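This is a predicted model, so every value here is computed, not measured.
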Amino acid sequence: MSCLMVERCGEISFDSPDQNAKCVRMLGDARVRGQTGVLSERRGSYPFIDFRLFNNSTLSGEIGTKKKVKRLLSFQRYFHASRLLRGIVPQASLYLLDEDYLGQARHMLSKVGMWDFDIFLFDRLTNGNSLVTLLCHLFNVHGLIHHFQLDMVTLHRFLVMVQEDYHSQNPYHNAVHAADVTQAMHCYLREPKLASFLTPLDIMLGLLAAAAHDVDHPGVNQPFLIKTKHHLASLYQNVSVLENHHWRSTIGMLRESRLLAHLPKEVTQDIEQQLGSLILATDINRQNEFLIRLKSHLDNQDLRLEDAQDRHFMLQIALKCADICNPCRLWDLSKQWSERVCEEFYRQGDLEQKFELEISPLCNQQKDTIPSIQIGFMTYIVEPLFERWAQFTGNTPLSENMLNHLRRNKAKWRSLLHKQHSSSRSNDHSGQVTGSQEQTLNEEETP
């Protein structure tokens with residue numbers, strides 16, 4: 001009998017009750033395979049975390065209100081953007097958009113390989129369908145639809161499933177973040193050092209992993225799931241809990257949509273395993289593991305991209321870079337992402353405080369400021385990885401551009417942190433800070 005796990009509506013069942021303990025032990029191993037390949041998850045696979053507790057949050061309320069108003073005022077855009085759901089297949093993904101926005105969207109898609117691509121604007125132009133529209137376009141640009149003989153309606157159905165399984169109430173880990181990572185991945189796949197060796201399978205794996213790497217993210221981190229004894233933490237034995245969940249959920253959607261059902265079984269199983277390896281690489285706890293390995297390859301000059309194993313490793317590195325590339329974007333975009341991720345941290349801290357749990361690092365809004373969080377993140381996580389990536393690419397214009405943005409953005413956060421400290425000292429001296437001073441501190445963007 002197979003040890004095949006199925007999740008429906010939050011319940012887990014096995015072929016035999018006697019196999020429960022054995023299966024749960026095995027599920028923590030990412031290499032486990034059943035008769036049909038990798039174990040999968042689908043929607044409703046974790047208990048709902050009620051974020052309505054935070055409806056009074058200024059940022060989230062503002063984002064939600066604006067989005068509602070835009071949707072109410074743009075029914076026609078929504079109508080056109082969802083034509084594929086009703087089986088009307090356009091000749092190109094561009095025509096998913098309303099005619100009034102077609103020109104702007106076409107212009108943006110024509111520059112999708114540029115590093116200054118504004119994913120927030122693109123998401124507005126596509127009425128919240130940035131991930132679906134972007135992936136349809138990129139699959140067409142890279143010739144993946146033709147190469148793998150993909151059905152356009154089935155592809156769209158799968159991409160809609162992925163987009164909808166991101167939680168829009170998350171300030172950061174939502175479908176816009178997935179689209180942003182996917183656009184960055186597209187840029188990295190075009191780097192000459194890598195592009196000349198990539199196969200269509202490599203490209204499809206890179207884009208799919210980028211699009212789905214955070215699917216069904218609950219808006220809290222792994223330590224929160226562990227200390228609250230969440231069932232996902234038990235399921236994956238406290239190891240890469242969220243990443244395993246993102247991977248298994250992606251496999252579930254691939255199977256449910258039957259996007260790859262026409263391919264040989266051994267090919268689909270290989271795709272599932274490689275997707276898992278890519279998504280699991282985004283676990284920030286494995287950062288040093290990958291950095292040390294990359295440094296060793298670069299120092300020894302022993303990367304052989306003709307070798308599928310080395311190509312896959314560099315795809316893992318590319319995805320890791322894409323996942324944390326926000327500090328390397330233009331300041332206006334980078335600052336928005338920084339505020340969003342910190343808002344998500346603070347929400348978790350509020351939740352922990354509400355239930356009298358120890359507040360996780362970086363989640364205490366009273367102590368952990370956005371500038372201090374960002375400076376630490378850039379210094380210890382982002383800079384070491386992107387410096388090695390630049391070394392791999394041969395300091396291409398894109399790599400140099402990203403490092404320049406990173407240095408400038410870090411300097412701006414340092415300046416803001418200095419202003420906060422100065423204001424704090426002034427507060428201690430005067431006993432209060434005026435409203436105009438506080439507004440200046442919050443709104444000023446350093447030169």
Side-chain angles (χ1 to χ4, degrees), residues 5 7 23-34 36-42 45-46 162 165-166 173 177-178 181-182 184-185 188-189 201-226 230-255 260 268-294 296-297 308-325 381-382 385 388-389:
M5 178 191 75
E7 296 195 17
C23 286
V24 170
R25 284 196 299 271
M26 292 173 65
L27 286 170
D29 186 350
R31 296 166 297 178
V32 171
R33 299 166 69 97
T36 56
V38 185
L39 299 171
S40 65
E41 299 182 29
R42 275 300 288 127
S45 56
Y46 66 85
V162 172
D165 266 20
Y166 279 94
H173 288 104
H177 165 64
V181 172
T182 302
M185 189 65 166
Y188 300 157
L189 294 177
L201 179 59
D202 294 328
I203 296 171
M204 183 171 75
L205 285 168
L207 294 177
L208 286 178
H213 79 284
D214 272 332
V215 74
D216 207 23
H217 196 293
V220 293
N221 60 19
Q222 175 173 293
F224 180 91
L225 298 179
I226 292 174
H230 194 280
H231 100 270
L232 284 178
S234 300
L235 191 64
Y236 298 117
Q237 300 181 352
N238 299 342
V239 177
S240 298
V241 175
L242 287 169
E243 292 74 23
N244 267 299
H245 177 59
H246 304 323
W247 169 32
R248 306 294 171 81
S249 298
T250 303
I251 300 310
M253 287 183 281
L254 276 172
R255 294 177 183 176
L260 308 176
T268 59
Q269 289 184 348
D270 178 60
I271 289 173
E272 291 178 352
Q273 290 288 350
Q274 290 201 60
L275 278 175
S277 178
L278 290 169
I279 293 174
L280 289 172
T282 63
D283 185 350
I284 201 68
N285 293 314
R286 301 179 64 191
Q287 190 76 0
N288 285 338
E289 168 195 337
F290 281 94
L291 201 56
I292 290 171
R293 185 177 166 191
L294 177 60
S296 175
H297 279 306
Q309 186 175 356
D310 282 1
R311 284 201 312 277
H312 183 79
F313 173 68
M314 289 315 303
L315 283 177
Q316 290 176 311
I317 296 297
L319 181 57
K320 290 178 69 63
C321 288
D323 191 26
I324 61 171
C325 72
I381 302 296
V382 182
L385 181 61
R388 292 296 176 182
W389 175 259

Item checked: Plane angle bin for Phe313 and His297 - parallel if under 30°, tilted between 30 and 60°, otherwise perpendicular -> tilted

Check: Under a 4.5 Å cut-off applied to non-hydrogen side-chain atoms, are Leu242 and Asp216 in contact?
Finding: no

Next item on the list: Would you confirm whether Trp247, through its side chain, and Glu272, through its main-chain N or O, come within 3.5 Å as a donor-acceptor pair?
Entry: yes

Item checked: Nearest-0.5 Å distance, CZ of residue Arg293 to CD1 of residue Ile317 -> 8.0 Å

Next item on the list: Taking all heavy atoms of Ala210 and all of Met185, pick out the closest pair and write down the distance.
Entry: CB-CB, 4.0 Å

Margin query: Considering only residues two or more places apart or on different chains, which pairs with a residue in residues 309-319 satisfy salt bridge (Lys or Arg N to Asp or Glu O under 4.0 Å)?
Written below: Asp202-Arg311

Notebook entry, point to check: Roughly how far, to the nearest 0.5 Å, is CD1 of Ile381 from CD1 of Ile284?
Noted result: 4.5 Å

Notebook entry, point to check: When Ile279 is tested against each of Ile251, Val215, Thr250 for side-chain contact (heavy atoms from CB on, under 4.5 Å), which residue passes?
Noted result: Thr250

Notebook entry, point to check: About how many Å separate CG of Asn238 and NE2 of His230, when rounded to the nearest 0.5 Å?
Noted result: 12.5 Å

Next item on the list: Locate the shortest heavy-atom distance separating Cys321 from Tyr188; write the atom from each residue and the value.
Entry: CB-CE1, 3.7 Å

Check: So, for Asn244 and Val239, which heavy atoms are closest and what is the spacing to 0.1 Å?
Finding: ND2-O, 3.2 Å

Next item on the list: Search all heavy atoms of Gln287 against all heavy atoms of Leu385 and return the closest pair with its distance.
Entry: NE2-CD2, 3.7 Å

Notebook entry, point to check: Taking the six-membered ring for Trp, is the centroid-to-centroid distance between His177 and His213 below 6.0 Å?
Noted result: yes

Next item on the list: Give the C-alpha distance, both sets of side-chain angles, the deciding distance and a yes or no for side chain to side chain contact (heavy atoms under 4.5 Å, CB included) between Leu280 and Arg286.
Entry: CA-CA 9 Å; Leu280 289 172; Arg286 301 179 64 191; 3.9 Å; yes

Next item on the list: Apply side-chain contact (heavy atoms from CB on, under 4.5 Å) to Leu201 and list each qualifying residue two or more places apart in sequence or on a separate chain.
Entry: Phe148, Thr199, Met204, Leu205, Asp270, Ile271, Gln274

Notebook entry, point to check: Got a second to check how far Leu291's CG is from Ser296's OG, nearest 0.5 Å?
Noted result: 11.5 Å

Note to self: Using the side-chain hydrogen bond (donor to acceptor under 3.5 Å, both in side chains) criterion, which residues pair with Asp283? Sequence neighbours excluded.
What the structure shows: Ser240, Asn285

Check: At their closest point, which heavy atom of Leu319 faces which heavy atom of Leu278, and how far apart are they?
Finding: CD2-O, 3.4 Å

Check: Do the side chain of Thr182 and the main chain of Ala178 share a donor and acceptor less than 3.5 angstrom apart?
Finding: yes

Checklist line | Atom pair CE (Met253) and CG (Leu208), whose distance is rounded to the nearest 0.5 Å | finding: 10.5 Å

Check: If you look at every heavy atom in Lys320 and Ala281, which pair is closest and at what distance?
Finding: NZ-O, 2.9 Å

